[in-house]
Amino acid sequence: MEDIEEEISSFSLEDPIRKEKLMNYYSSSHRILLVGEGNFSFALSLGIAFGSAANMVATSLDTQESLDSKYSCAIGNVRELEEMGCLVLHGVDATKMSDHFFLRTQRFDRIVYNFPHVGFLHKEGNCLQIEMNKRLMKGFFKNARALLKRRGEVHVTHKIGETYDKWNIVKKAEKMGLVLKEKREFCPEDYPGYENKRAHGRSPDQPFNIGDCRTFVFRVQST
């Protein structure tokens, strides 16, 4: 624990002045918080595109030990990210992250959560399963709002369709002071190396069919 705290205490999101690099909707000049990373391949894709990951904090609910047991490439991806200057944090709950001893001191331009899900305790369309995912999103938006810079954005990539629309993520965000700015097409091919993973169940390292999905872009509601 002392080694982790020492690493965090020496970490700074203030990247040395360098030429800005863009990847789709993200910039090397943004302070970016990645939430709920699976095998950290999305974060690594951004870091490689930027040539540095010093402007990024990548988090996962998994412990370092569970990452190694669930994913074949996660530990290697984490090492690459750390070599590029990214701060990687394990065991971070998206519904409590604003209380994290480091994150609570930071503010971000972009907070990104791809395909949030609590895991399968029931079938996807079961009302109890839907309610659990709705509570996840409510907690996430509350915490993201607390960590967002005034002109920042929260990006949630989410499946759309009858079952997923019942999560009511736009209304959940509004209750936490975030309004929908736009919905964008999400193409995993736009992020070379990104691998979406099931994360739960018997085959966590297997990909899932993303189907029809969008990136919902939220910003702080004007007063």
Side-chain angles (χ1 to χ4, degrees), residues 1-18 20-21 23 25-38 40 42-47 49-67 74 77-114 116 135-157 172-173 175-179 181 216-223:
M1 184 65 178
E2 290 183 0
D3 292 339
I4 295 175
E5 292 186 357
E6 181 178 352
E7 177 183 351
I8 291 175
S9 65
S10 63
F11 177 83
S12 173
L13 285 174
E14 297 294 341
D15 202 17
I17 296 176
R18 64 178 70 213
E20 181 183 22
K21 293 186 178 180
M23 186 179 196
Y25 305 109
Y26 305 104
S27 166
S28 59
S29 67
H30 291 151
R31 294 184 175 188
I32 301 174
L33 172 64
L34 296 142
V35 179
E37 284 285 282
F40 289 87
F42 187 83
L44 183 58
S45 180
L46 293 182
F50 297 156
S52 168
N55 62 316
M56 294 161 46
V57 177
T59 72
S60 169
L61 180 61
D62 293 308
T63 64
Q64 188 168 355
E65 292 75 18
S66 62
L67 275 181
N77 291 343
V78 167
R79 287 172 180 166
E80 284 193 61
L81 281 166
E82 290 177 336
E83 288 172 359
M84 289 190 288
C86 181
L87 177 62
V88 177
L89 300 175
H90 304 289
V92 176
D93 186 333
T95 67
K96 301 176 181 178
M97 61 186 182
S98 64
D99 292 327
H100 185 276
F101 72 94
F102 173 74
L103 293 177
R104 68 187 181 193
T105 68
Q106 305 297 309
R107 295 296 179 268
F108 297 91
D109 298 292
R110 300 289 183 271
I111 299 177
V112 184
Y113 198 173
N114 292 321
R135 286 197 296 271
L136 167 66
M137 298 313 300
K138 179 181 178 181
F140 164 70
F141 285 128
K142 178 180 180 181
N143 282 260
R145 173 66 183 84
L147 299 176
L148 195 65
K149 295 174 71 172
R150 186 167 64 90
R151 298 182 183 276
E153 296 178 352
V154 176
H155 293 187
V156 178
T157 299
K172 295 299 178 187
K175 289 182 178 179
M176 297 302 148
L178 299 168
V179 294
K181 176 183 177 183
F216 291 69
V217 178
F218 300 94
R219 61 185 176 187
V220 177
Q221 188 171 18
S222 300
T223 55

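Because the structure is a prediction, the values reported are computed rather than measured. Note that the numbering runs from 1 along the sequence shown for the chain.
Side-chain contact between Leu87 and Phe102 is present, with at least one heavy-atom pair separated by less than 4.5 Å. At least one side-chain heavy atom of Met84 sits under 4.5 Å from a side-chain heavy atom of Leu44. Here the side chains of Met137 and Val156 are in contact, with some heavy-atom distance below 4.5 Å. Under the 4.5 Å side-chain criterion, counting only non-hydrogen atoms from C-beta, Val57 is not in contact with Gln106.
The ring-ring contact (aromatic ring centres under 6.0 Å, His included) check on Phe40 picks up nothing, with sequence neighbours excluded. For Ala74, the side chain to side chain contact (heavy atoms under 4.5 Å, CB included) test picks out Asn39, Leu67, Tyr71, with sequence neighbours left out. For Phe216, there are no ring-ring contact (aromatic ring centres under 6.0 Å, His included) partners two or more places apart in sequence or in a different chain. With sequence neighbours excluded, the residues satisfying side-chain hydrogen bond (donor to acceptor under 3.5 Å, both in side chains) with Thr95 are Asp93. Residues passing the side-chain hydrogen bond (donor to acceptor under 3.5 Å, both in side chains) test with Asp99, sequence neighbours excluded: none. By the ring-ring contact (aromatic ring centres under 6.0 Å, His included) test, His30 pairs with no residue at all, sequence neighbours left out. For Lys181, the side chain to side chain contact (heavy atoms under 4.5 Å, CB included) test picks out Glu153, Val217, Arg219, with sequence neighbours left out. Under the side chain to side chain contact (heavy atoms under 4.5 Å, CB included) criterion, Asn143 pairs with Met97, Ser98, sequence neighbours left out. Lys21 meets the side chain to side chain contact (heavy atoms under 4.5 Å, CB included) test with Ser28, Phe50; sequence neighbours excluded.
Residue His155 is tested with Tyr113, Phe140, Tyr26, Phe108 for a ring pair (Phe, Tyr, Trp, His ring centres under 6.0 Å); the sole match is Tyr26.
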Subject >> Residues Val78, Gln64; criterion side-chain contact (heavy atoms from CB on, under 4.5 Å); working and verdict >> reply: CA-CA 10 Å; Val78 167; Gln64 188 168 355; 5.9 Å; no

Subject >> Check against side-chain contact (heavy atoms from CB on, under 4.5 Å), Val112 and Leu33 >> reply: CA-CA 6 Å; Val112 184; Leu33 172 64; over 6 Å; no

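For Val88 against His90, the heavy-atom pair with the smallest separation is CG1-CE1, 3.8 Å.
Residue pairs satisfying the salt bridge (Lys or Arg N to Asp or Glu O under 4.0 Å) criterion with at least one member in residues 141-150, sequence neighbours excluded, are listed as follows: Asp109-Lys149.
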